[in-house]
Number of protein chains: 2
Amino acid sequence: MTTIKGGRALPLNTILSGDCIEQMNSLPEASVDLVFADPPYNLQLKGELHRPDNSRVDAVDDHWDQFDSFAAYDRFTRDWLAAARRVLKPNGAIWVIGSYHNVFRMGAELQNQGYWILNDVVWRKSNPMPNFRGKRLTNAHETLIWASRAEGAKYTFNYEALKSLNEGVQMRSDWVLPICTGHERLKDDKGDKAHPTQKPESLLHRVLVATTNPGDVVLDPFFGTGTTGAVAKMLGRDFIGIEREERYRKIAEERLSRVRRFDREALMVSSSKRAEPRVPFGQLVERGMLRPGEVLVSPRGKTAKVRADGTLVGDAMTGSIHQVGAALEGAPSCNGWTYWHFKRDGKTVPIDVLRQQIRSEMSGRPH
Amino acid sequence: MTTIKGGRALPLNTILSGDCIEQMNSLPEASVDLVFADPPYNLQLKGELHRPDNSRVDAVDDHWDQFDSFAAYDRFTRDWLAAARRVLKPNGAIWVIGSYHNVFRMGAELQNQGYWILNDVVWRKSNPMPNFRGKRLTNAHETLIWASRAEGAKYTFNYEALKSLNEGVQMRSDWVLPICTGHERLKDDKGDKAHPTQKPESLLHRVLVATTNPGDVVLDPFFGTGTTGAVAKMLGRDFIGIEREERYRKIAEERLSRVRRFDREALMVSSSKRAEPRVPFGQLVERGMLRPGEVLVSPRGKTAKVRADGTLVGDAMTGSIHQVGAALEGAPSCNGWTYWHFKRDGKTVPIDVLRQQIRSEMSGRPH
DNA sequence: ACCCGCGATGAATCTGGTT
DNA sequence: TAACCAGATTCATCGCGGG
């Protein structure tokens with residue numbers, strides 16, 4: 001348990017029982033970094049059907065019947081998404097997963113509530129169940145939606161880590177992963193599958209590496225047998241689970257007790273340049289790596305002269321390395337660090353090399 | 001022109017001008033077999049976007065894609081879907097295509113109106129535009145929804161035809177197809193793209209082969225430059241197009257005049273050459289075949305540790321399996337797959353064995 | 001004829017810290 | 001809060017021109 005402002009406890013790394021909406025509403029607001037939600041779509045709604053105006057269903061037309069069950073599902077979706085939004089930190093984000101039965105309704109409601117969709121992601125199953133009757137296409141994928149709490153939020157995205165996971169190429173919105181089978185698939189006493197829709201750990205691994213950092217709090221309001229919690233624990237994230245069914249909670253507890261966290265070094269992830277400390281160009285001059293008066297050269301042969309204050313003098317233009325580069329190229333912007341080169345021993349070297357040198361001195365450790 | 005019951009003419013193989021809702025409402029009810037609709041996506045683009053090389057991205061900023069609010073877009077969606085449903089035959093079906101900006105709203109409204117969703121289909125683009133700022137996943141797919149006019153309708157589905165299109169394996173709900181480029185992409189007088197969102201003929205080919213028969217009537221209420229009509233004509237289906245913008249209608253008319261029935265069949269057999277699928281090393285980690293923190297060994301006894309993002313940590317060096325191998329050997333390059341080994345049951349095994357395992361799971365994998 | 005390198009481009013809700 | 005500005009960021013493919 002961790003105590004946060006207001007003195008209320010955040011029940012970290014535990015599974016709460018009961019209704020997820022009530023439980024989320026009992027948590028302090030703005031307290032979790034990420035929500036991962038795999039809600040049910042086969043709700044048993046018959047018997048509690050009301051139109052929005054509370055009139056009775058007279059069932060002349062099964063179209064109406066359908067409308068009412070969609071309305072009930074929409075109410076449920078609206079309520080749990082609102083509860084999730086309340087507990088999310090301002091820069092938090094959410095993942096939801098579903099199939100065509102429910103994902104369109106979730107996506108529309110996410111937008112209605114002010115969540116800001118970042119990507120929809122297709123989980124392409126490498127080993128789906130075939131369509132036996134040959135009446136439709138093999139349903140070989142599920143859809144995830146990744147959204148920040150609001151437009152403009154500074155969501156977490158470990159771009160470089162995902163690029164590494166994908167062998168150096170930018171990660172796409174379609175992910176090929178096998179469904180959960182074999183030893184990973186939890187069984188009950190009778191050897192049947194313990195949960196009908198257990199998600200593969202590989203899917204959660206990718207989600208959590210992509211959009212959380214170690215120490216983040218991940219909430220799963222439909223915890224089931226605890227895949228989210230298990231992967232969170234492995235990856236050094238904290239989790240909060242909510243699950244209504246006691247039998248799933250028990251299986252999840254047992255599963256979590258067996259999970260071990262990976263060691264700290266393994267959890268470090270490739271970081272982007274953006275995360276590295278900023279080095280002002282002037283420092284290269286101060287340190288004598290470049291001399292005032294020295295001439296820098298662009299790839300296409302333009303030149304500029306270094307001044308003592310770290311500005312450049314080009315053709316009819318003075319300013320930062322970026323400004324002068326942009327002006328010379330007629331471009332909207334320019335990264336002066338990679339644009340400008342200097343000469344040493346007959347070789348032409350980008351000035352970024354000097355920045356790297358300073359950075360490695362600062363960290364004392366090469367990356 | 002064909003005359004049907006009630007004496008009203010069905011304007012086959014022509015492009016109607018004007019508002020698609022009005023035009024659909026002027027057609028006789030229950031008269032078309034299939035609707036294919038590629039409506040405005042309601043993209044909400046803020047500023048300009050530049051590629052890393054500073055070139056400007058030519059974005060979809062056309063007036064027809066602008067809506068004031070979700071409410072306005074929802075009204076538009078409700079109206080055109082209702083109009084389409086009226087003109088559909090009882091056993092008719094509809095395809096809509098969209099991205100995360102609009103597809104959830106379309107899917108929900110389809111369900112609300114009593115359409116019966118049969119599949120959602122993912123068009124996985126083999127050559128999408130990358131995410132230039134590294135802030136999200138590459139948006140590498142669009143979503144299609146296939147729905148019958150009502151639950152229980154006897155919709156058309158050419159199961160065997162699709163199976164043969166797919167080298168004898170049941171067609172899945174994810175289709176890998178390139179975007180429309182090269183000579184197929186229509187250009188205007190200035191050599192720029194004539195329409196910002198022209199769809200590839202291969203996509204329409206698959207849709208029409210799957211869910212229509214020769215002689216069926218296909219209606220496209222957002223005809224654009226006429227891809228639906230062109231493929232329908234090639235395949236011996238009749239079409240009705242509706243398009244508001246005169247410049248698109250003119251281009252489509254000209255295009256259709258050049259199309260000949262059948263001349264495409266031979267070409268459309270998907271190229272059988274298929275390279276071995278690339279398996280990123282990171283997938284072995286995500287799938288739990290290797291654990292973060294686990295130590296890999298080289299033939300000459302060098303070691304490195306696996307991280308959660310699929311990179312290796314060696315002596316004073318972090319990077320891909322290939323980079324770290326090359327660095328340790330002082331070689332310009334290194335095939336990490338054969339260089340690195342892991343231990344299981346006392347045996348030392350190259351990691352390439354695990355890659356083979358994944359590939360065999362994927363095999364039989366259709367495109 | 002064939003190969004290679006270069007430039008162009010595609011439905012995109014695409015920055016973030018400091019002053 | 002708005003303005004300013006440093007500076008980080010791309011993959012597959014096609015067409016074309018030169019060798």
Side-chain angles (χ1 to χ4, degrees), chain A residues 91 111 115-120 147-148 151-155 157 159-160 163 166-173 271-282 310 319-326 331-340 351-352 355, chain B residues 38-62 64-67 70 73 97-103 123 125-143 176 178-185 187 191-193 195-200 222 224:
Chain A
N91 291 324
Q111 292 178 313
Y115 287 98
W116 192 247
I117 298 182
L118 300 167
N119 278 114
D120 59 335
S148 62
E151 182 179 3
K154 291 174 194 150
Y155 55 92
F157 180 51
Y159 174 75
E160 288 295 336
K163 197 170 168 178
N166 198 33
E167 199 109 308
V169 193
Q170 199 172 75
M171 184 69 81
R172 301 168 36 120
S173 57
S271 65
S272 77
K273 270 194 192 166
R274 264 186 275 259
E276 292 184 56
R278 188 173 161 274
V279 176
F281 174 71
S320 72
I321 51 173
H322 315 294
Q323 289 167 337
V324 175
S333 71
C334 170
N335 184 344
W337 290 106
T338 52
Y339 180 75
W340 292 111
I351 59 174
D352 202 29
R355 181 171 65 160
Chain B
D38 181 12
Y41 285 12
N42 190 24
L43 301 185
Q44 292 164 39
L45 306 178
K46 299 293 192 297
E48 292 203 323
L49 179 65
H50 292 89
R51 299 187 180 80
D53 66 3
N54 269 324
S55 61
R56 200 180 67 85
V57 173
D58 183 13
V60 181
D61 51 5
D62 306 71
W64 48 256
D65 199 50
Q66 316 290 329
F67 291 81
F70 281 134
Y73 190 79
I97 180 167
S99 66
Y100 66 82
H101 310 85
N102 69 326
V103 77
W123 168 27
K125 303 179 183 183
S126 54
N127 50 348
M129 186 161 72
N131 184 291
F132 296 118
R133 306 304 292 264
K135 302 307 293 180
R136 302 183 180 189
L137 302 162
T138 307
N139 210 332
H141 74 276
E142 292 187 32
T143 303
V176 179
I179 61 176
C180 185
T181 59
H183 292 301
E184 188 185 328
R185 188 83 195 216
K187 301 293 186 338
D192 297 326
K193 56 189 175 190
H195 192 285
T197 70
Q198 186 183 342
K199 296 293 174 287
F222 307 97

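Computation of the quantities below employed the complete heavy-atom set of this structure, encompassing side-chain atoms and omitting hydrogens, waters and symmetry-equivalent molecules. Note on naming: letters A, B, ... go to the chains in the order of the sequence lines (proteins, then strands), and numbering restarts at 1 for each one.
- Rounded to a whole Å, the CD atom of B:Q44 is 15 Å from the C1' atom of C:dC14.
- For the C1' atom pair drawn from C:dG7 and D:dT10, the interatomic distance equals 15 Å after rounding to whole Å.
- Paired with B:P40 under the rule side chain to side chain contact (heavy atoms under 4.5 Å, CB included), one option of B:D65, B:D62, B:V60, B:T197 passes, and it is B:D65.
- We find that NZ of B:K187 is positioned 12 Å from P of D:dC14, with the value rounded to whole Å.
- Straight-line distance from the CE atom of B:M129 to the P atom of D:dT9: 18 Å, rounded to whole Å.
- Among the atoms of the strands shown, only primed sugar atoms or phosphate atoms (P, OP1, OP2) are found under 4.0 Å from some heavy atom of B:T181.
- When all heavy atoms of B:I179 and B:N127 are compared, the pair lying nearest together is N-OD1, 3.0 Å.
- Contacts of B:R185 classified as side-chain hydrogen bond (donor to acceptor under 3.5 Å, both in side chains), with partners at least two apart in sequence or in another chain: none.
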* Structure fact -> Read 5' to 3' with Watson-Crick or G-U pairs under 3.5 Å, [ ] for crossing pairs and | for partners on another strand, DNA chain D gives .|||||....|||||||||
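- Nucleic acid contact class of A:N166 (heavy atoms, under 4.0 Å, all strands): none.
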* **Sugar-phosphate or base contact per nucleotide [nucleotides 1-7 of chain D; S, B, -; heavy atom under 4.0 Å]** => -----SB
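- For B:K193 against C:dA11, no side-chain N or O and base N or O form a donor-acceptor pair under 3.5 Å.
- Residue-level contact check: B:D65 touches the bases, meaning some heavy atom is under 4.0 Å from a base atom.
- Within the nucleic acid shown, B:N139 comes within 4.0 Å of sugar-phosphate atoms alone, with no base atom in reach, counting heavy atoms only.
- For B:H50 and D:dT9, the shortest distance from a side-chain N or O to OP1 or OP2 is not below 4.0 Å.
- Rounded to a whole Å, the NZ atom of A:K273 is 18 Å from the P atom of C:dG17.
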* To do: Output, in order, the C-alpha distance, side-chain angles, deciding distance and verdict of salt bridge (charged side-chain N to carboxylate O under 4.0 Å, His left out) for B:K199 and B:E184.
  => CA-CA 10 Å; B:K199 296 293 174 287; B:E184 188 185 328; over 6 Å; no
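- Between the NZ atom of A:K154 and the P atom of C:dT15 there is a distance of 13 Å, given to the nearest Å.
- Note that the CD atom of B:Q66 and the CG atom of B:D61 stand 7.5 Å from one another [nearest 0.5 Å].
- Regarding B:D53, its CG atom lies at a distance of 13 Å from the P atom of C:dG10, rounded to whole Å.
- Contact annotation for B:P128: base contact, defined as any heavy-atom pair under 4.0 Å involving a base atom.
- Rounded to an integer number of Å, the gap from CZ of B:R185 to C1' of C:dG10 is 7 Å.
- With rounding to whole Å, B:D62 atom CG is found 12 Å from C:dA11 atom P.
- Residues passing the side-chain hydrogen bond (donor to acceptor under 3.5 Å, both in side chains) test with B:Y73 are B:N102, sequence neighbours excluded.
- A:S272 comes within 4.0 angstrom of sugar-phosphate atoms only, judged by non-hydrogen atoms across all strands, and of no base.
- Summary of the strand contacts: B:K135 and B:E48 both lie near DNA chain C, and taking for each the nucleotide with the nearest heavy atom, the more 5' one is attributed to B:E48.
- Between B:K187 and B:D192 there is no salt bridge, since no side-chain N of the basic residue sits under 4.0 Å from a carboxylate O of the acidic one.
- Spacing of P atoms, C:dC14 relative to C:dT18, comes out at 23 Å, to the nearest Å.
- For B:K193, the side-chain hydrogen bond (donor to acceptor under 3.5 Å, both in side chains) criterion is met by no residue, not counting sequence neighbours.
- Here B:G47 lies in heavy-atom contact (under 4.0 Å) with a base.
- When the side-chain hydrogen bond (donor to acceptor under 3.5 Å, both in side chains) test is applied to A:E167, no partner is found at least two apart in sequence or on another chain.
- Contact check on A:E276 versus A:R355 returns no salt bridge, with no Lys/Arg side-chain nitrogen under 4.0 Å from an Asp/Glu carboxylate oxygen.
- Within the 4.0 angstrom heavy-atom criterion, base atoms lie near A:I117.
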